[in-house]
2 protein chains.
Amino acid sequence: MTTSKTTVQESAKPVEPVGFDEEGAALQMGELSELLGYVIKRAQLKVFDDFLRCMAPLQLSPAQFSVLLLLDKNPGRNQTEIANTLGILRPNFVSMLDGLESRDLLTRMRSPSDRRSHVLMLTDKGRATLARAKKLVATRHEARLIELLGPSEHKALLGMMAKIANEF
Amino acid sequence: MTTSKTTVQESAKPVEPVGFDEEGAALQMGELSELLGYVIKRAQLKVFDDFLRCMAPLQLSPAQFSVLLLLDKNPGRNQTEIANTLGILRPNFVSMLDGLESRDLLTRMRSPSDRRSHVLMLTDKGRATLARAKKLVATRHEARLIELLGPSEHKALLGMMAKIANEF
DNA sequence: TATTGTTATACTCTATAACTATA
DNA sequence: TATAGTTATAGAGTATAACAATA
C-alpha cells in the first residue's frame, strides 16, 4: 500500500473518478484519469499557477526564473547556449532577454573573442532578485508541494519527471 | 534507495546534473533539476510529443482525444458541461467542436428540453475512431511509459499527478 | 434577468525564414 | 561558407467582452 489518504473503499472495484462542472453535475472521467498526458498537463498548470502567485512580489515567470538560475550557475555563456539548454528558440529568447535587461537583472556584453556573440551575466540586482526569488520558491511554493506529497514522494516525483524528460 | 540506474556515484555529494547545448558544452543545471515546475513542464512536453507521434495515423491531438473520451462516457451533455470538465473555455471550445464535427466524429443536436443548448454525441465513426485511438494510446504510448518507469512507479506517478491537479 | 452557443479580439507561446554582422 | 543575434511573421493556446436566441 503506497496510497496514503485516498484508499480504495469497499471491494476491488475501483471508484470511478468524477469531474465537476462548476456545480454539482458530476461527469464520469473514465480513462482520462489514467492517461498520464492528461493528468500531467493539469498538474503542470496547477504548479505554474502556484509558482506565479508565490512569485508575484518579484514579477518573475517560471521561464524568467529559470534563465536567472541558469545564468547564475553558468556565467559568461552566450544567448544560444542558454536558450538551447532551456529549450527556448533563439528568436523567442531575444524579447525575453530584452525584458530582463530593461529591468536591470542581467546584461548583454559583446564577447571580445567572438564579436558575434553576447555574453550574458547577472547584474547585482539580478543576483539579489534571484536570491529573493529562490527563498520565495523554497518557502512558499516547493514547501507546499512537499507538504502535499510528503518529502520522499516529492523526491520520487522529481526523479520520475527527470526520467521522462531525459529518457522518454 | 529508490533510484535505479542513475545511482549516486562516490560519496554523499550528489552529482551535479548537466544539460547539453546540442553538442558537448555541458551547462550546470543547478537548482533547476530540483524545481518541480521545470521538470514537470519538460516531461509534459515529451509526453505530448510522443502522444502526437503515436496518434499520427488518426490525427487526434491530446485535447481532441480527451473530448471523444469524455463524450463516450457522458453522452447527452452539452458544450458547457464538457468544456468546463476539461478546463476549456466555452468560446475556445466552439472551433474545436467545428473541427471534430466536420470530420464526422461527433454531432451537435439542439436539446428539445432547452433549445439554447447543444447536446453532444459521438457518431458511429467517432466511436470507431475512439476505439482505434484507445488502442494506439495503450499499445504505443502508455506501454512505452510503463516500460520506462515500471508499472508500480507509473501508477504512483498517476496518483501524485492527480493529487496535485485536484488538491494543490 | 440569466444562460447557451457564438463571434470578435487580444495576448502569450511556439515555430520558421531571412536579414546583419561577424567569423 | 557558417554562426550569433535579430526581425518579421504565422500558428497554436488561452483569455475576456458582447451579442442573439432562449429560458
Side-chain angles (χ1 to χ4, degrees), chain A residues 21-25 37-38 40-42 44-46 48-49 51-52 59-67 71 76-102 106-121, chain B residues 21-25 37-38 41-42 44-46 48-49 51-52 55 59-67 71 76-102 106-121:
Chain A
D21 168 20
E22 302 300 274
E23 25 181 298
Y38 179 75
I40 201 178
K41 177 71 180 180
R42 300 293 291 236
Q44 183 260 313
L45 290 174
K46 273 285 181 82
F48 268 42
D49 198 62
F51 184 98
L52 257 315
Q59 288 287 93
L60 285 179
S61 70
Q64 290 172 320
F65 179 69
S66 71
V67 170
L71 250 50
R77 298 289 188 156
N78 67 26
Q79 299 186 189
T80 300
E81 290 172 317
I82 299 294
N84 282 347
T85 303
L86 292 174
I88 302 171
L89 290 170
R90 278 63 75 215
N92 300 332
F93 199 40
V94 173
S95 65
M96 192 174 166
L97 287 179
D98 288 346
L100 292 171
E101 192 175 29
S102 73
L106 57 83
T107 55
R108 282 189 256 222
M109 235 179 47
R110 292 216 100 83
S111 165
S113 56
D114 184 343
R115 293 185 38 75
R116 290 172 302 181
S117 64
H118 287 168
V119 165
L120 298 176
M121 285 190 319
Chain B
D21 168 21
E22 302 301 275
E23 26 181 298
Y38 179 74
K41 177 71 180 182
R42 300 294 292 238
Q44 184 260 313
L45 290 173
K46 273 286 181 82
F48 267 43
D49 198 62
F51 184 99
L52 257 315
M55 203 61 105
Q59 286 286 94
L60 285 179
S61 70
Q64 290 172 320
F65 179 69
S66 70
V67 170
L71 250 48
R77 298 290 189 154
N78 67 26
Q79 298 186 191
T80 301
E81 290 171 317
I82 299 293
N84 282 346
T85 303
L86 291 175
I88 301 170
L89 291 170
R90 277 64 74 213
N92 299 333
F93 199 40
V94 173
S95 65
M96 192 173 168
L97 287 179
D98 288 345
L100 293 171
E101 194 176 26
S102 74
L106 56 84
T107 55
R108 284 188 256 221
M109 237 180 45
R110 292 215 99 82
S111 165
S113 57
D114 184 344
R115 294 184 37 74
R116 289 173 303 182
S117 64
H118 287 170
V119 166
L120 298 177
M121 286 189 320

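These numbers come from a predicted model, not from an experiment. All heavy atoms count here, side chains included; hydrogens, waters and symmetry mates do not.
Listed by chain and residue number, nothing satisfies the side-chain hydrogen bond (donor to acceptor under 3.5 Å, both in side chains) test with B:Thr107 (two or more places apart in sequence, or in another chain). Partners of A:Asn92 under the side-chain hydrogen bond (donor to acceptor under 3.5 Å, both in side chains) rule, at least two apart in sequence or in another chain, do not exist in this structure. Not counting sequence neighbours, the partners of B:Asp114 by the side chain to side chain contact (heavy atoms under 4.5 Å, CB included) test are B:Ser111, B:Arg116, B:Ser117. The side-chain hydrogen bond (donor to acceptor under 3.5 Å, both in side chains) check on A:Ser95 picks up nothing, with sequence neighbours excluded. The side-chain hydrogen bond (donor to acceptor under 3.5 Å, both in side chains) check on B:Ser102 picks up nothing, with sequence neighbours excluded. The side chain to side chain contact (heavy atoms under 4.5 Å, CB included) search around A:Glu101 returns A:Leu106, A:Arg108, not counting sequence neighbours.
Applying the salt bridge (charged side-chain N to carboxylate O under 4.0 Å, His left out) rule to pairs touching residues 86-96 of chain B yields nothing, sequence neighbours excluded.
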Whether each nucleotide of nucleotides 15-23 of chain D has a protein heavy atom under 4.0 Å at its base (B), only at its sugar-phosphate (S) or at neither (-) is summarised, 5' to 3', as BBB---BBS
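Of all nucleotides in DNA chain C, those with any atom nearer than 4.0 Å to a heavy atom of chain A start and finish, going 5' to 3', at C:dT14 to C:dA23.
Counting only heavy atoms from C-beta outward, the side chains of B:Tyr38 and A:Leu86 approach each other to under 4.5 Å.
Of the residues near DNA chain D, A:Lys41 and A:Arg108, the one whose nearest nucleotide (by heavy atom distance) lies more toward the 5' end is A:Arg108. For A:Asp98 and A:Leu45, each mapped to the nucleotide of DNA chain D holding its nearest heavy atom, the one lying further toward the 5' end belongs to A:Asp98.
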